[in-house]
**Q** 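Dumping the structure here so I can ask a few things about it.
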Amino acid sequence: PDIRGEYRLDKLTVMPPGARVPVIRELSLHIPAGSQLGIIGPSAAGKSTLLRTLLALHKPAAGSLRLDAAEIAQYSREMLGRAIGYLPQDVELLDGTIAENIARFGDIDADAVVKAGRRAGVHEMIVALPDGYETRLQGNFTLSAGQRQRVALARALYRDPAVVVLDEPNSNLDEAGNAAL
């Protein structure tokens, strides 16, 4: 079935690749589908590690990580990719059009691309570009850091995923970008 977005963590322990000791130890947490959760803490406290684990990018060293009652490892990467939108701390856009970047280089649904652009508050900026959504990006150098952040937010929101994970989503945003976020 389609992923709804309910997470259950039971005594989750995470040791990221290259770590000698666990960054997260025996964390138990229930995140109901449709809820919002903010995680705050000092640098190197494990916030990004937890988010990457929720995305199935890090495997638990111990404990259980369930998404809609199934162990997250049971889902294919493709299914997780459709169901989870992710805005990483360090945004990277790929060579291609803005529309391709928002659509994650899959099939482009123009209406969904524009909807995501509007929801991310970046639509007006995009349509003001000479080629609008068809503007070709040259890596991370065509747009400012704040503009890239907002395009990446649109990518995370593309096709209304069940789960949206934002890692320091306002790190490069100005006042208008923060208001849009």
**Q** Per the side chain to side chain donor-acceptor pair (under 3.5 Å) rule, what does the pair list look like for residues 9-25, sequence neighbours excluded?
**A** none
**Q** Can you sort out the partners of T49 under side chain to side chain donor-acceptor pair (under 3.5 Å), two or more places apart, ordered by chain and number?
**A** none
**Q** Using the test salt bridge (charged side-chain N to carboxylate O under 4.0 Å, His left out), find all partners of E175 that sit at least two apart in sequence or belong to another chain.
**A** none
**Q** Strictly by side chain to side chain donor-acceptor pair (under 3.5 Å), give each pair with a member in residues 152-161 just once, sequence neighbours left out.
**A** K115-D160, R119-D160
**Q** With the 4.5 Å side-chain cut-off for hydrophobic clustering, are L87 and V165 part of the same group?
**A** no
**Q** Apply side chain to side chain donor-acceptor pair (under 3.5 Å) to R52 and list each qualifying residue two or more places apart in sequence or on a separate chain.
**A** none
**Q** Quick one: list whatever passes salt bridge (charged side-chain N to carboxylate O under 4.0 Å, His left out) with R118, sequence neighbours left out.
**A** none
**Q** Sequence neighbours left out, what passes side-chain contact (heavy atoms from CB on, under 4.5 Å) with P161? Give chain and number order.
**A** R104, V164
**Q** Q147: which residues meet the side-chain contact (heavy atoms from CB on, under 4.5 Å) condition with it, sequence neighbours left out?
**A** M125, L143, S144
**Q** Hey, does I72 have a side-chain heavy atom less than 4.5 Å from the side chain of L80?
**A** yes
**Q** Does any pair with a residue in residues 69-84 pass salt bridge (Lys or Arg N to Asp or Glu O under 4.0 Å), and if so which ones, sequence neighbours excluded?
**A** R66-E71, E78-R82
**Q** Can you confirm whether L9 sits close enough to L54 that some side-chain heavy atom of one is under 4.5 Å from a side-chain heavy atom of the other?
**A** yes
**Q** Short question: side chain of K47, backbone of I39 - any donor-acceptor pair under 3.5 Å?
**A** no
**Q** Could you tell me whether a side-chain N or O of Y75 sits under 3.5 Å from a main-chain N or O of L67, the two making a donor and an acceptor?
**A** yes
**Q** Are the side chains of I31 and V163 in contact, using a 4.5 Å heavy-atom criterion?
**A** no
**Q** Evaluate the side-chain proximity of V113 to I108: yes if any heavy-atom separation is below 4.5 Å, no if none is.
**A** yes
**Q** So, N101 side chain and L94 main chain: donor-acceptor pair closer than 3.5 Å or not?
**A** yes
**Q** Between V122 and V151, is there a side-chain heavy-atom distance shorter than 4.5 Å?
**A** yes
**Q** Who pairs with Y133 by side chain to side chain donor-acceptor pair (under 3.5 Å), at least two apart in sequence or on another chain?
**A** H123
**Q** Hey, quick one: are L50 and Y86 part of the same hydrophobic cluster, counting side-chain heavy atoms closer than 4.5 Å, chains of contacts allowed?
**A** yes
**Q** So do the side chains of R136 and D131 get within less than 4.5 Å of each other, counting heavy atoms only?
**A** no
**Q** So, using side-chain contact (heavy atoms from CB on, under 4.5 Å) as the criterion, who are the partners of I40 when residues are at least two apart?
**A** none
**Q** Identify whether L12 and I84 are in the same connected component of the hydrophobic contact network (ILVMFWY, side-chain heavy atoms under 4.5 Å).
**A** yes
**Q** Of all residues at least two apart in sequence or in a different chain, which pass the side chain to side chain donor-acceptor pair (under 3.5 Å) check with D167?
**A** S48
